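Accompanying notes for the structure given below.
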2 protein chains.
Amino acid sequence: MRETTLRDVAELAGVSPRTVSNVVNGYARVTDATREKVERAIAELGYRPNVLARNLANGRSGQIVVVVPYLDTPYFSELLQAIIPAAREAGYNVLVDQTDGDRAHESSLVGRGARQLLFDGMIFSPLGLSQDDLSVRDPALPLVVLGERTSDGTFDHVGIDDVAASTEAVAHLIEIGRRRIAAIGDQPYPTGEAAQLRTRGFRAAHAAAGLTVDESLIIGTARFNRIDGATAMAALLDRSDPPDAVFCYSDLVASGAVHTLLAHGLRVPEDVAIIGYDDIEDGRYGRPTISTISPDKGAIARTAVERLVMRMGSAEPLPGKEIRAAHRLIPRQSTIGF
Amino acid sequence: MRETTLRDVAELAGVSPRTVSNVVNGYARVTDATREKVERAIAELGYRPNVLARNLANGRSGQIVVVVPYLDTPYFSELLQAIIPAAREAGYNVLVDQTDGDRAHESSLVGRGARQLLFDGMIFSPLGLSQDDLSVRDPALPLVVLGERTSDGTFDHVGIDDVAASTEAVAHLIEIGRRRIAAIGDQPYPTGEAAQLRTRGFRAAHAAAGLTVDESLIIGTARFNRIDGATAMAALLDRSDPPDAVFCYSDLVASGAVHTLLAHGLRVPEDVAIIGYDDIEDGRYGRPTISTISPDKGAIARTAVERLVMRMGSAEPLPGKEIRAAHRLIPRQSTIGF
DNA sequence: CTGAAAGCGCTAACAG
DNA sequence: CTGTTAGCGCTTTCAG
């Protein structure tokens with residue numbers, strides 16, 4: 001029992017395939033009479049267009065791929081949750097790929113000749129790829145990069161101003177009277193550009209307040225998960241001179257740090273104030289709730305899709321654009337108390 | 001600058017398209033000599049097969065779609081994270097769709113004539129759809145259903161034994177000496193079948209221990225989010241006779257309940273013990289850590305993909321199968337203390 | 001406004 | 001083992 005095709009419909013309606021196509025896609029104007037005939041035939045046969053064939057004929061797949069390092073990281077799942085409806089609204093289906101932050105995997109996705117011609121464009125949140133890696137890529141692939149990279153002029157980049165946001169976060173800690181402030185999450189190597197921007201903000205806030213940074217309070221972590229925060233915080237507490245506040249490079253890190261503090265019988269924020277980054281849902285329900293920098297995820301998702309659609313629609317490669325989404329500081333219990 | 005096609009390769013190599021196709025797909029045996037010629041040509045031209053055309057020609061898309069109600073719910077994002085690699089290993093790309101639990105959206109996805117012929121099969125985690133709704137579906141779509149439905153014989157179902165798992169959870173509360181046990185999350189209406197299974201377990205555990213259920217301690221919630229748990233717990237605390245333990249129908253609900261308890265100055269588990277369901281990562285890092293029922297997500301993902309691949313590969317619709325994945329009780333601080 | 005016909009790029013039956 | 005060729009189902013140019 002074969003699927004019914006456009007040709008079948010045409011026959012039953014007594015018109016040409018061309019006309020059916022017109023009706024289905026609303027292209028050319030069609031007489032009301034023929035339109036109705038065709039629609040009746042479509043209904044009768046239960047016809048549904050074969051997307052594969054359509055795609056082949058017009059050379060586009062109607063799919064975009066969203067590539068993130070991890071799907072079970074709240075920040076990315078929340079972002080994806082926002083991207084999918086935006087893409088659907090623009091008429092695209094969303095393929096999802098996760099890279100585990102693996103550099104080889106990531107570069108195979110954007111690299112020259114990598115594309116399977118299976119998607120029309122890509123929204124990419126790199127992790128293992130350095131800025132330089134990103135530049136060696138298939139120039140024909142419409143690409144929007146998310147996160148903390150910078151556009152090299154061949155793709156769009158959507159992100160918040162990390163340095164400014166980090167500065168605000170640390171300024172907030174200073175404002176509530178903290179002076180020995182630690183940072184958890186630095187990554188002083190090529191693929192750690194994201195982290196380094198946060199560290200820049202950390203320093204900037206100190207400078208602005210006339211404070212000097214205690215370099216030994218900047219703790220590196222391989223990733224931004226709870227366990228990283230928990231471990232780093234434990235190390236800080238082992239010292240003779242623990243900090244009175246910590247700027248964590250993600251809310252998960254913050255959550256891990258809080259966990260360690262409470263387990264050691266310390267109070268948050270009385271003994272140690274904590275601020276995170278990302279504004280994931282968790283942070284709003286823990287105890288204490290976690291102060292954070294909240295990027296406007298909805299805006300990021302909408303902008304990314306909008307730019308990508310624009311790039312996919314253009315015959316010439318568009319010049320890359322740097323786009324800043326909004327962010328704001330949200331003070332919660334972990335800094336301002338109960 | 002057109003993409004190079006298989007025909008171009010054939011010309012350059014001086015062979016027929018058929019041979020190139022054979023080389024690319026490793027179908028028929030090809031002489032080493034010609035193979036090498038073809039491969040050289042492929043490399044020289046930077047040829048890459050057009051997946052769209054291939055798909056059209058062999059009538060399959062090489063894509064499966066995974067449909068979940070919400071992507072930012074940790075349980076689903078963790079599950080998806082496990083499904084994607086499993087699918088990729090089986091040679092499939094993963095499309096993702098989220099329904100917001102909307103019944104119309106869900107039924108439009110599985111309903112008769114709904115398929116866009118864009119994916120070869122579907123892994124579906126329904127929420128708004130009742131068991132009956134599920135039965136009115138496109139019989140040609142290979143389908144594996146996740147969660148708490150039951151196979152009607154036309155699709156596979158992979159899930160844990162919810163009644164048994166819930167019984168264990170509540171038995172655990174009884175075992176640690178609790179007698180006034182509440183349940184948060186019941187949904188006594190057609191689309192609430194998932195919840196009802198948990199309630200069945202709740203009752204079963206009471207019966208097994210010779211306890212009677214206080215019906216007023218079974219609290220309904222519209223969804224399984226933190227806010228639902230927080231609200232329901234607040235209502236329980238308003239009563240003159242609050243419970244000494246609560247079985248929450250998800251870890252998020254449990255987390256919300258804990259939040260409310262702590263905010264009221266109560267201790268967990270000393271005053272009220274809490275157990276959740278799903279074993280999401282959060283539960284391992286809060287304070288207290290949350291006891292839970294842990295479904296084997298890896299096994300669920302692998303089994304679902306494996307069964308789906310089997311269904312997609314079979315010409316005849318296979319009979320539906322009911323598959324039970326493993327689960328286990330994980331006691332943590334929220335029941336057994338620190 | 002509608003019909004005829006030529007592809008889109010690949011696969012696979014059917015020769016040879 | 002390899003070439004020829006007819007589609008897969010739809011879009012779209014070019015006539016009419």
Side-chain angles (χ1 to χ4, degrees), chain A residues 1-39 41-42 45-63 91 113 115-120 140 315, chain B residues 1-39 41-42 45-63 91 113 115-120 140 315:
Chain A
M1 195 190 76
R2 206 174 100 272
E3 286 285 329
T4 71
T5 74
L6 182 144
R7 184 176 250 90
D8 298 334
V9 174
E11 251 167 49
L12 177 60
V15 299
S16 83
R18 167 69 210 247
T19 304
V20 179
S21 176
N22 280 343
V23 169
V24 172
N25 299 298
Y27 270 177
R29 262 177 296 280
V30 183
T31 330
D32 280 357
T34 41
R35 146 160 319 190
E36 197 170 324
K37 252 193 323 197
V38 171
E39 278 170 349
I42 288 178
L45 295 171
Y47 166 73
R48 37 190 185 169
N50 180 319
V51 184
L52 258 40
R54 173 180 296 171
N55 289 346
L56 177 60
N58 48 28
R60 53 184 288 281
S61 70
Q63 298 186 158
R115 181 147 66 124
Q116 292 272 293
L117 303 174
L118 191 50
F119 36 84
D120 301 329
Chain B
M1 195 190 79
R2 205 174 101 273
E3 285 286 331
T4 71
T5 75
L6 181 144
R7 184 174 251 91
D8 299 333
V9 175
E11 252 167 50
L12 178 59
V15 300
S16 84
R18 168 69 210 249
T19 303
V20 178
S21 177
N22 280 343
V23 170
V24 172
N25 299 299
Y27 269 178
R29 260 178 296 281
V30 182
T31 330
D32 278 359
T34 41
R35 145 159 301 144
E36 197 169 324
K37 254 195 319 197
V38 171
E39 279 172 349
I42 289 179
L45 296 169
Y47 166 73
R48 36 191 186 171
N50 181 320
V51 184
L52 258 39
R54 172 179 299 171
N55 289 346
L56 177 59
N58 51 28
R60 55 184 288 279
S61 70
Q63 298 188 155
R115 182 146 67 125
Q116 293 271 290
L117 303 175
L118 192 50
F119 36 84
D120 301 329

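Note on naming: letters A, B, ... go to the chains in the order of the sequence lines (proteins, then strands), and numbering restarts at 1 for each one. The structure presented is a predicted model; accordingly, all values stated were derived computationally and were not measured.
Counting only heavy atoms from C-beta outward, the side chains of A:Thr5 and A:Asp8 approach each other to under 4.5 Å.
Minimum atom distance to the side chain of B:Ala53 is reached by C:dC10, of the listed D:dC10, C:dA4, C:dC10. In this structure, of C:dG9, D:dT2, D:dG3, it is D:dT2 that holds the atom nearest to the side chain of B:Asn22. In this structure, the nucleotide among D:dG9, C:dT11, C:dT2 sitting nearest to the side chain of B:Ser21 is C:dT11. Minimum atom distance to the side chain of A:Thr5 is reached by D:dC10, of the listed C:dT11, C:dA4, D:dC10. Looking at the side chain of B:Asn50, the nearest of the listed nucleotides C:dG3, C:dC10, D:dT2 is C:dC10. Listed nucleotides: D:dC10, D:dT2, D:dC14. Nearest to the side chain of B:Thr31: D:dT2.
The CZ atom of B:Arg35 sits 11.0 Å away from atom OG1 of B:Thr19, with the distance rounded to the nearest 0.5 Å. The line from CG of B:Leu56 to CG of A:Leu56 is 5.5 Å long, rounded to the nearest 0.5 Å.
The main-chain N or O of B:Ala33 is never found under 3.5 Å from a side-chain atom of B:Thr31 such that the two would form a donor-acceptor pair.
Side-chain N/O atoms of B:Arg54 include one lying less than 4.0 angstrom from OP1 or OP2 on C:dT11. Contact check, A:Thr19 against C:dG3: a side-chain N or O comes under 4.0 Å of OP1 or OP2. Regarding contacts with the backbone of D:dC1, every side-chain N or O of B:Thr34 stays at 4.0 angstrom or more from both OP1 and OP2.
Atoms CG (A:Asn58) and P (C:dG7) sit 17 Å apart, rounded to a whole Å. Counting to the nearest Å, the P atom of C:dC10 and the CZ atom of B:Arg60 are 16 Å from each other. For the pair A:Asn55 CG and C:dC10 P, the computed distance is 15 Å after rounding to whole Å. With rounding to whole Å, A:Arg7 atom CZ is found 8 Å from D:dG9 atom C1'. As rounded to whole Å, 10 Å separates atom P of D:dT2 from atom CZ of B:Arg18. Remark: P of D:dG9 and CZ of A:Arg48 are 12 Å apart, rounded to the nearest angstrom. In this entry the distance linking CG of A:Leu118 with P of C:dG9 reads 16 Å, nearest Å. Put simply, NZ on A:Lys37 is 15 Å from P on C:dC1, counting in whole angstrom units.
With the nearest nucleotide of DNA chain D identified for both A:Leu6 and B:Ser16, B:Ser16 has the one nearer the 5' end. Residue-to-nucleotide proximity on DNA chain D shows that, of A:Leu56 and B:Pro17, the 5′-proximal contact is made by B:Pro17.
In this structure, a donor-acceptor pair under 3.5 Å is absent between the side chains of A:Arg54 and A:Asn58.
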